[in-house]
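See below for the structure under consideration.
All of these numbers come straight from a predicted model, not from anything done at the bench. Naming: A, B, ... by sequence-line order, numbering from 1 per chain.
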There are 2 protein chains.
Amino acid sequence: MSETTRSRIVDAAETLFYAHGLRSVGVDAIAAQAGVTKRTLYYHFESKDALIAAYLEARDASTRSRYRDWLGNDDRPLPDRIESMFAALASHAGQPKWRGCGFTRAAVELAGQPGHPAVLMAADHKQRFEAWLAEELERGGVEAPQALARQIMVLLEGAIALMLVHRDVSYAQAAGEAAASLVANGISSAPALHRNMATRAVG
Amino acid sequence: MSETTRSRIVDAAETLFYAHGLRSVGVDAIAAQAGVTKRTLYYHFESKDALIAAYLEARDASTRSRYRDWLGNDDRPLPDRIESMFAALASHAGQPKWRGCGFTRAAVELAGQPGHPAVLMAADHKQRFEAWLAEELERGGVEAPQALARQIMVLLEGAIALMLVHRDVSYAQAAGEAAASLVANGISSAPALHRNMATRAVG
DNA sequence: GTCTATACACAGATAGAC
DNA sequence: GTCTATCTGTGTATAGAC
């Protein structure tokens with residue numbers, strides 16, 4: 001079947017691109033991993049760039065649904081849900097095969113080519129993610145959901161980058177505590193309900 | 001002179017590696033940019049990896065001194081100084097040639113080779129940076145300087161990554177406001193002195 | 001649709017003259 | 001110390017048979 005061949009190629013591309021990066025992986029390696037020849041790969045994909053696009057498109061939905069699971073849908077307080085999301089990220093990042101965010105890494109690798117399709121796809125993904133976060137925050141009763149979503153994005157992104165550099169998942173915990181504090185302070189402006197941010201942040 | 005030739009090569013490497021990435025730039029291009037031949041380049045550097053190391057070493061001191069300038073040394077309140085640092089980052093990131101953090105980008109490009117010297121240099125640089133931040137926070141009277149320095153690192157790193165992806169410097173502003181709030185709350189635990197984080201964060 | 005074989009450019013690195 | 005010329009591997013992509 002053509003569909004299964006194509007999907008095998010995409011699976012191989014996902015595995016190798018995420019593990020080693022875009023430029024480090026050649027189409028030879030992807031074809032070999034998929035169990036086909038280069039010629040077959042080029043029958044299904046016009047170019048390596050098209051394969052990169054297919055790789056990122058496959059990751060988009062799965063990544064967002066993963067974070068949806070991490071945030072959860074229960075009736076717990078929103079700050080706790082946010083902190084749980086960061087805790088799940090830390091656990092995920094501790095796995096040996098974890099290599100950060102595939103979208104950010106693609107944008108970084110192609111930073112010299114701002115118009116590259118993969119860079120645009122990365123920006124779209126991040127924007128959709130941020131919009132989803134804002135929706136969740138709004139449903140949770142946050143006063144300024146968009147501004148807060150942006151700050152949580154920064155914390156997520158920074159934690160991922162530093163966990164990748166240092167191989168130390170504690171950055172996600174520090175980020176999660178900061179995020180939870182921001183959310184807690186954004187839900188109610190009554191002073192009595194404010195958590196002590198310094199205490200939480202130091203945790 | 002041998003020294004000037006070598007430094008011309010390093011300058012060329014800095015320009016090209018930062019602009020286009022490590023793997024995208026070949027030694028041919030660096031030699032051409034430096035005005036020497038490949039053979040001369042290989043007389044001064046054992047390998048491309050050695051050249052990459054020289055590139056990162058040259059960036060280490062300059063990057064840290066740049067942030068030192070941005071933070072300033074005056075007697076303004078620490079939260080304002082931190083926010084100024086993020087504002088300066090935003091201004092810097094708005095320049096057309098800006099391409100994010102060279103160290104993070106190196107670590108990302110080489111994520112598939114965790115033991116690579118450049119990855120270790122990136123980790124060292126980040127660690128030194130974080131230690132410097134902690135010192136400054138401690139001098140500013142912050143209660144938990146190390147934990148706070150780590151959170152500010154996360155905010156810096158995340159802002160840089162998202163500015164690179166979106167080409168939108170407002171992420172640095174959002175991060176700066178969050179950082180200033182964290183610092184303000186970390187200086188004094190007296191409730192009356194706590195800034196309203198939500199108000200600041202939305203700004 | 002999938003194969004074998006190959007074109008063509010460019011990568012990092014080296015030989016040996018001057 | 002710097003040059004011209006070259007080696008060898010690998011990169012993306014293609015020709016043409018089956």
Calculate the interatomic distance between [X] atom [atom1] and [N] atom [atom2]; express it in whole Å.
X	N	atom1	atom2	value
B/F17	C/dA11	CZ	P	12 Å
A/L16	D/dT10	CG	C1'	16 Å
A/R23	D/dT12	CZ	C1'	11 Å
A/Y43	C/dT4	OH	C1'	18 Å
B/I30	C/dA13	CD1	P	11 Å
A/R6	C/dT2	CZ	P	12 Å
B/L22	C/dA11	CG	C1'	14 Å
B/L41	D/dG1	CG	C1'	13 Å

Problem set entry | Strand contacts (DNA chain D) in residues 107-122 of chain B, 4.0 angstrom heavy-atom criterion |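 Those residues: none at all.
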Problem set entry | Qualifying residues under side-chain contact (heavy atoms from CB on, under 4.5 Å), relative to B/R128, sequence neighbours excluded |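 Only B/D60, B/R64, B/D124 meet the side-chain contact (heavy atoms from CB on, under 4.5 Å) criterion with B/R128.
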Problem set entry | side-chain contact (heavy atoms from CB on, under 4.5 Å) partners of B/A111, counting only residues at least two apart |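 Per chain and number, B/A111 pairs via side-chain contact (heavy atoms from CB on, under 4.5 Å) with A/R99, A/R105, A/L164.
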For this session: Using only heavy-atom distances, determine whether the side chains of A/T104 and A/E157 contain a donor-acceptor pair under 3.5 Å.
Result: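 Checked: A/T104/A/E157 side chains pair up, N/O donor to acceptor below 3.5 Å.
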Exercise. Between C/dT2 and A/T5, is there an OP1 or OP2 to side-chain N/O distance shorter than 4.0 Å?
Worked result: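 The answer is yes; a side-chain N or O of A/T5 sits under 4.0 Å from OP1 or OP2.
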Exercise. Tell me the salt bridge (Lys or Arg N to Asp or Glu O under 4.0 Å) pairs involving residues 19-32 of chain B, sequence neighbours left out?
Worked result: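 Salt bridge (Lys or Arg N to Asp or Glu O under 4.0 Å) check on residues 19-32 of chain B returns B/D28-B/K38.
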Problem set entry | Ion pair check, B/R150 and A/D168, cut-off under 4.0 Å |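 Here B/R150 pairs with A/D168 in a salt bridge, since their nearest N and O are under 4.0 Å apart.
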Exercise. Any side-chain heavy atom of A/E177 within less than 4.5 Å of one from A/F86?
Worked result: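 The answer is no, as the side chains (C-beta and beyond) never meet within the 4.5 Å cut-off.
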Polar atom pairs (N or O), protein with nucleotides 13-18 of chain D, under 3.5 Å:
residue : atom : partner : partner atom : Å
D/dA13  : OP2  : A/Y42   : OH           : 2.9
D/dA13  : OP2  : A/K48   : N            : 2.9
D/dA13  : N6   : A/K38   : NZ           : 2.5
D/dA15  : N7   : A/R39   : NE           : 3.3
D/dA15  : N6   : A/R39   : NE           : 3.2
D/dG16  : O6   : A/R39   : NE           : 3.2

Problem set entry | Listed partners of B/E109 passing salt bridge (Lys or Arg N to Asp or Glu O under 4.0 Å), at least two apart |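 With neighbours one apart ignored, the set is empty.
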Problem set entry | Taking every non-hydrogen atom, the tightest pair across A/A180 and A/I82 |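 Minimum heavy-atom separation between A/A180 and A/I82: N-CG2, 4.3 Å.
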Problem set entry | Ring geometry between B/F129 and B/Y67 (parallel below 30°, tilted from 30 to 60°, perpendicular above 60°) |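 Ring orientation, 0 to 90° scale: perpendicular.
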